[in-house]
Asker: 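The structure follows.
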Amino acid sequence: MDDVDFLLVNALQHRPRASWSQLEAIVGGDASTLSRRWSRLVDSGLVWSSCFAVSPGDPDRPDGRLDSAVHPLTGVLALVEVYCTAGSRESVIAGIAKTPSVLTVECTSGGPDLILTLSCPSVAEVDAYVATELAADPGVRRTRTHFTRTFFKEGTSWRPGILSERQVKALQAFPATGIDAPAVPTRLHELVINALAGDVRRSATSIAEEIGRSVATVTRAIGQILHAPWARTRVDFAHNLVGYNASVMVWFSVPHHQLEMVGAGLALMPETRMCCSVVNRANLAVTFWLRSLRDLDAVESKIARAFPTARTEERWLLPRFAKRLGHTLTPSGHHATFIPPTHPLTAPRF
């Protein structure tokens, strides 16, 4: 990816369905060139996109932070450590990556071989999946589950910071559509989110043909989805192939009365990809995307100065992502396939 590719991806993270002509003045190049660039990035497996429904945040919170889970129509999100028998890691990945409720699969250099992000409607269903389906895999030696509480930051809000402040303001000034989004999604919105799940730039015409609605109706629903508190879009890329050479997960133990402050502070760091509180002695899990592993020293020193009560319990290098929000990846990090997360129409309403 060159500089223009990064600009294009960063711009689409802010405005995922902006037209190529709208992006001309911001990214540079004409509309047809930008379209070809995007197609090349997607076809090569370097870039992919998602759309998914979420549990809406507390309307009384000024930051709009989402409690419990910021993921597909779920009641409970959990981080699950998986310890594999010798030589069985790849077979375990192949099996669990096909499971829709397993949103993310990451390999670790720590005690567990894998860390999963698991989405289920209830605590009981998380426990049932881990105790029966996951435990039944002959390659799984043991597991450990961490139930999430509050997400201070997750991948949808992470940005590489390529755009200038002027460019971001220009994107924000694009004409707004969908500001009349309802308080909760309708069946139409659920159908459209399903259709956009693995490609947020899919055409309204294609979606209309699939779900049997008019193009105008689908276009209006898409605009509402893009501005609704109950939906998220994400434009992702193969970070390890384009300069982010170290992904690190750090588990902190923070005094409970300072958890909100520390979590919110870490979320503001540009290196922070994900930050959430969990039910565990190490009660704050954070993932950093770094240009080099050497950068971790500076990050941890900065955290130690700003939050001296946040004690590091464990730190793991994440050398490989096998699945990210339903998108399976090759061992090299390229996009492979998309497995839709737990079907919204079968999940609990909110």
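Both backbone and side-chain heavy atoms feed into the values below; hydrogens, waters and symmetry mates do not. Since this is a predicted model, take the numbers as computed values, not measurements.
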Asker: Are any of the side-chain heavy atoms of E260 and F152 separated by less than 4.5 Å?
Answerer: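 Sidechains of F152 and E260: in contact.
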Asker: Mind jotting down which residue pairs meet the salt bridge (Lys or Arg N to Asp or Glu O under 4.0 Å) criterion with at least one end in residues 264-278? Sequence neighbours excluded, please.
Answerer: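 Every salt bridge (Lys or Arg N to Asp or Glu O under 4.0 Å) pair that includes a residue of residues 264-278, provided the two are not neighbours, is D236-R273.
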Asker: Tell me if a side-chain donor or acceptor on S277 pairs with a main-chain N or O of T150 at a distance below 3.5 Å.
Answerer: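 Checked: pair present.
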Asker: Give the cluster check for L226 versus V215: same hydrophobic cluster or not, with ILVMFWY residues linked at side-chain heavy-atom distances below 4.5 Å.
Answerer: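 Cluster IDs for L226 and V215 differ.
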Asker: With heavy-atom distances below 4.5 Å as the criterion, would you say the side chains of L116 and L134 are in contact?
Answerer: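 Yes, side chains in contact.
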Asker: Checking side-chain contact (heavy atoms from CB on, under 4.5 Å) for the pair I96/Y129: CA distance, chi angles, key distance, verdict?
Answerer: CA-CA 11 Å; I96 61 179; Y129 172 78; 3.7 Å; yes
Asker: What residue pairs, at least two apart or across chains, pass salt bridge (Lys or Arg N to Asp or Glu O under 4.0 Å) with a residue in residues 9-29?
Answerer: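 For residues 9-29, and leaving out neighbouring residues, there are no salt bridge (Lys or Arg N to Asp or Glu O under 4.0 Å) pairs at all.
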Asker: Given T205 and S203, is the side chain to side chain donor-acceptor pair (under 3.5 Å) satisfied, shown in steps?
Answerer: CA-CA 5 Å; T205 301; S203 73; 4.9 Å; no
Asker: K153 and M269: side-chain contact (heavy atoms from CB on, under 4.5 Å), yes or no, with the steps?
Answerer: CA-CA 10 Å; K153 187 176 185 179; M269 296 179 63; over 6 Å; no
Asker: Under a 4.5 Å cut-off applied to non-hydrogen side-chain atoms, are T156 and F52 in contact?
Answerer: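 Heavy-atom side-chain distance check passes, below 4.5 Å.
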Asker: The criterion is salt bridge (charged side-chain N to carboxylate O under 4.0 Å, His left out); which residues satisfy it with E90, sequence neighbours excluded?
Answerer: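 Residues passing salt bridge (charged side-chain N to carboxylate O under 4.0 Å, His left out) with E90: R320.
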Asker: Under the side-chain contact (heavy atoms from CB on, under 4.5 Å) rule, what do K323 and T104 come out as? Steps first, then yes or no, please.
Answerer: CA-CA 5 Å; K323 187 179 184 183; T104 299; 5.6 Å; no
Asker: Is it true that V54 and V200 fall in one hydrophobic cluster, defined by side-chain heavy atoms closer than 4.5 Å?
Answerer: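 No, no single cluster joins them.
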Asker: Mind checking the CD1-OG1 spacing from I207 to T219? Nearest 0.5 Å is all I need.
Answerer: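 Atom-to-atom, I207:CD1 and T219:OG1 are 8.5 Å apart.
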Asker: Work out which heavy atom in L241 is nearest to a heavy atom in S332; give both atom names and the distance.
Answerer: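 Reported closest heavy-atom pair: CD2-O, 3.4 Å.
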Asker: Do any N or O atoms from the side chain of Q167 and from the backbone of S164 form a donor-acceptor pair under 3.5 angstrom?
Answerer: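 Here the side-chain-to-backbone pair exists.
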Asker: Is there any side chain to side chain donor-acceptor pair (under 3.5 Å) pair reaching into residues 292-302, and which pairs are they, with sequence neighbours excluded?
Answerer: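 Counting only pairs at least two positions apart or across chains, the side chain to side chain donor-acceptor pair (under 3.5 Å) contacts touching residues 292-302 are E300-R315.
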Asker: Is there side-chain contact between I211 and L188, with heavy atoms separated by less than 4.5 Å?
Answerer: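 Side chain of I211 against side chain of L188, heavy atoms only: contact under 4.5 Å found.
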Asker: On the six-membered ring of Y83, is R141 placed so that its NZ or CZ lies under 6.0 angstrom from the centre and within 45° of the ring axis?
Answerer: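 No, cation not above the ring by the 6.0 Å, 45° rule.
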Asker: R213: which residues meet the salt bridge (charged side-chain N to carboxylate O under 4.0 Å, His left out) condition with it, sequence neighbours left out?
Answerer: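 Checked R213 against salt bridge (charged side-chain N to carboxylate O under 4.0 Å, His left out); zero matches.
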Asker: Find the distance between CZ (F237) and CG (L12) and round it off to the nearest 0.5 Å.
Answerer: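 Between atom CZ of F237 and atom CG of L12 there are 12.5 Å.
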Asker: If you look only at pairs with a residue in residues 29-50, which of them pass as a salt bridge (Lys or Arg N to Asp or Glu O under 4.0 Å), with sequence neighbours excluded?
Answerer: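 Found D2-R37, D5-R37, D5-R40.
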Asker: Quick check: closest heavy atoms across A170 and I26, and the distance to 0.1 Å?
Answerer: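 Here A170 and I26 meet closest at CB-CD1, 3.9 Å.
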Asker: Determine whether Q172 and V168 make a side-chain contact, defined as any pair of heavy atoms from C-beta on separated by less than 4.5 Å.
Answerer: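 Yes, side chains in contact.
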Asker: For D113, enumerate each residue passing the salt bridge (charged side-chain N to carboxylate O under 4.0 Å, His left out) test, keeping only those at least two apart in sequence or located in another chain.
Answerer: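 If we apply the salt bridge (charged side-chain N to carboxylate O under 4.0 Å, His left out) test to D113, skipping adjacent residues, there are no hits.
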Asker: What residues, two or more places apart in sequence or in another chain, satisfy salt bridge (charged side-chain N to carboxylate O under 4.0 Å, His left out) together with R281?
Answerer: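 For R281 the salt bridge (charged side-chain N to carboxylate O under 4.0 Å, His left out) partners, ignoring immediate neighbours, are E313.
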Asker: Would you please name every residue forming a ring-ring contact (aromatic ring centres under 6.0 Å, His included) with H146, sequence neighbours left out?
Answerer: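 ring-ring contact (aromatic ring centres under 6.0 Å, His included) check on H146 returns W251.
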Asker: If I take atom CZ from residue R201 and atom OG from residue S39, how far apart are they, to the nearest 0.5 angstrom?
Answerer: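 Output value for this atom pair is 9.5 Å.
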Asker: Run I93 and R89 through side-chain contact (heavy atoms from CB on, under 4.5 Å) and show every step you take.
Answerer: CA-CA 6 Å; I93 290 174; R89 189 187 77 172; 4.1 Å; yes
Asker: Ring centres under 6.0 Å, that's the criterion: do Y244 and W158 meet it?
Answerer: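 Distance test on ring centres: under 6.0 Å, yes.
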Asker: L103 and I339: same hydrophobic cluster, using ILVMFWY side-chain contacts below 4.5 Å?
Answerer: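 No, separate clusters.
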Asker: Rounded to the nearest 0.5 Å, how far does OG1 of T148 lie from CG of L77?
Answerer: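 With rounding to 0.5 Å, CG (L77) is 4.5 Å from OG1 (T148).
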Asker: Sequence neighbours left out, what passes ring-ring contact (aromatic ring centres under 6.0 Å, His included) with F147? Give chain and number order.
Answerer: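 For F147 there are no ring-ring contact (aromatic ring centres under 6.0 Å, His included) partners, ignoring immediate neighbours.
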Asker: With distance as the sole test, does T330 use its side chain to make a donor-acceptor pair with the main-chain N or O of A336 at under 3.5 Å?
Answerer: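 Looks like no, no N/O pair under 3.5 Å.
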Asker: If you define the side chain from C-beta out and look only at heavy atoms, does anything of R159 sit under 4.5 Å from H14?
Answerer: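 SC-SC contact between R159 and H14 confirmed.
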Asker: What pair of heavy atoms forms the shortest contact from H334 to S44, and how long is it?
Answerer: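 That would be CD2-O, 3.1 Å.
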Asker: For V76 and V123, work out which heavy atoms get closest and say how close.
Answerer: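 Where V76 meets V123 most closely, the heavy atoms are CG2-N, 3.5 Å.
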Asker: Write down the atom of A246, the atom of L293, and the distance for their closest heavy-atom approach.
Answerer: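 Heavy atoms of A246 and L293 come nearest at CB-N, 3.6 Å.
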Asker: Against the six-membered ring of F252, is R311 placed for a cation-pi contact (under 6.0 Å from the centre, within 45° of the normal)?
Answerer: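 Here R311 fails the 6.0 Å and 45° test against F252.
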Asker: What I'd like to find out is whether the side chain of W20 reaches to under 4.5 Å of the side chain of T33, using heavy atoms alone.
Answerer: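 No - every pair of side-chain heavy atoms lies 4.5 Å or more apart.
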Asker: Suppose we screen for ring-ring contact (aromatic ring centres under 6.0 Å, His included). Which residues come up paired with F338, at least two apart in sequence or across chains?
Answerer: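 For F338 the ring-ring contact (aromatic ring centres under 6.0 Å, His included) partners, ignoring immediate neighbours, are H327.
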Asker: Say you draw a straight line from CE of M249 to CH2 of W316; how long is it, rounded to the nearest 0.5 Å?
Answerer: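 Going from CE on M249 over to CH2 on W316, the span is 6.0 Å.
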Asker: Looking at CG of L7 and CE of M1, how far apart are the two atoms once the value is rounded to the nearest 0.5 Å?
Answerer: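 These two atoms lie 9.5 Å from each other.
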Asker: Considering all heavy atoms of both residues, which atom of V254 and which atom of A310 are nearest to each other, and what is their separation?
Answerer: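 So the two residues come closest at CG2-CB, 4.0 Å.
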Asker: Donor-acceptor pair, distance only, cut-off 3.5 Å: does the side chain of N283 make one with the backbone of V278?
Answerer: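 No; zero donor-acceptor contacts below 3.5 Å.
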Asker: Any pair with a residue in residues 184-212 that passes ring pair (Phe, Tyr, Trp, His ring centres under 6.0 Å), sequence neighbours left out, goes on the list, sorted by first then second residue, please.
Answerer: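 Ring pair (Phe, Tyr, Trp, His ring centres under 6.0 Å) check on residues 184-212 returns H189-W230.
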Asker: Are side-chain heavy atoms of N194 and P340 found at a separation under 4.5 Å?
Answerer: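 With C-beta onward as the side chain, the pair stays apart.
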